[in-house]
Amino acid sequence: MNDKQGLTLALAKGRLFKQMAPLLKVAGIELLEDPDVSRKLEFPTTRPDVKVLVVRSSDVPTYVEYGAADLGVVGKDVLDEHGGRGLYEPLDLGVGACRLSVAGRPGSDWENARQLRVATKYTQQARAYFSEQHETPVQLELIKLYGSMELAPLVGLADVIVDLVDTGNTLRANGLDELKVIRHSTARLIVNKAAAKLKHRKISDFTANLARAVEAEKL
Ligand code: PRP
């Protein structure tokens with residue numbers, strides 16, 4: 001169970017964690033072990049009242065929604081896919097900038113296709129995009145995948161994918177083009193609504209410290 005007194009923060013490993021670590025450090029929080037090396041999932045920090053849970057990025061909003069973590073850091077794209085139930089989103093952290101894009105084989109005539117198979121982890125946003133933004137009415141088939149989406153157009157599983165693009169290296173390495181940017185995204189601090197009341201002082205201090213760290217990074 002979540003510690004009644006302290007703060008529990010849910011973070012995902014990988015790229016976003018690497019970008020968050022310097023911000024957390026400025027806010028006075030450092031993990032006592034490297035989560036990329038350790039197999040642990042729960043980490044004490046240099047602040048005895050703050051612990052970190054390391055979870056999959058798509059699970060961060062769920063941990064915070066149910067109060068298993070008071071706070072979390074997650075991409076806006078992942079947050080919107082979750083729906084943001086039970087959460088406040090007080091701070092744009094500026095890190096983890098990426099875009100949600102349509103990608104596929106070079107020269108793909110996807111915009112004129114009457115039928116389109118789309119592989120994605122982001123089914124809500126893909127459905128919204130193709131139903132609201134696409135000019136030609138398409139018969140849309142969404143195929144939910146959980147990773148390695150770039151394979152789908154290569155092996156004929158889908159015509160295009162909707163996935164996150166940062167450097168574009170993964171698309172290039174697989175001979176795919178970024179065909180259309182759907183939206184831009186950055187990481188957000190999220191807060192459990194009940195915790196925001198019960199631990200008001202701690203959470204507002206934490207948020208203010210992190211906001212100062214974000215501002216300092218911009219200078
Ligand atoms: C994301 C995304 C792409 C890749 C894009 O995957 O799904 O595969 O990053 O980044 P790039 O444009 O810099 O190459 P991630 O590595 O976060 O892992 P995931 O598949 O578990 O989401």
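In this chain, numbering begins with 1 at the start of the sequence shown. Counting starts at 1 for both ligands and their atoms, following the listed order.
Between D70 and K202, none of the side-chain N atoms (NZ, or NE/NH1/NH2) sits under 4.0 Å from a carboxylate O, so this pair counts as no salt bridge. Ion pairing of K18 with D36 is present here, as a side-chain N (NZ or NE/NH1/NH2) and a carboxylate O approach within less than 4.0 Å.
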Show me, pair by pair, the donor-acceptor contacts under 3.5 angstrom made by side chains of residues 143-165, not counting sequence neighbours?
residue: K144; atom: NZ; partner: K121; partner atom: O; Å: 3.3
residue: D159; atom: OD2; partner: R117; partner atom: N; Å: 2.7

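Not counting sequence neighbours, E30 has no partner by the side chain to side chain donor-acceptor pair (under 3.5 Å) test. Remark: T170 engages no residue in a side chain to side chain donor-acceptor pair (under 3.5 Å) (not counting sequence neighbours).
Residues L11 and L24 form a side-chain contact, since some pair of their non-hydrogen atoms from C-beta on lies under 4.5 Å apart.
Listed by chain and number, residues touching ligand 1 at under 4.0 Å (heavy atoms only) are R15, K121, E150, D163, L164, V165, D166, T167, G168, N169, T170.
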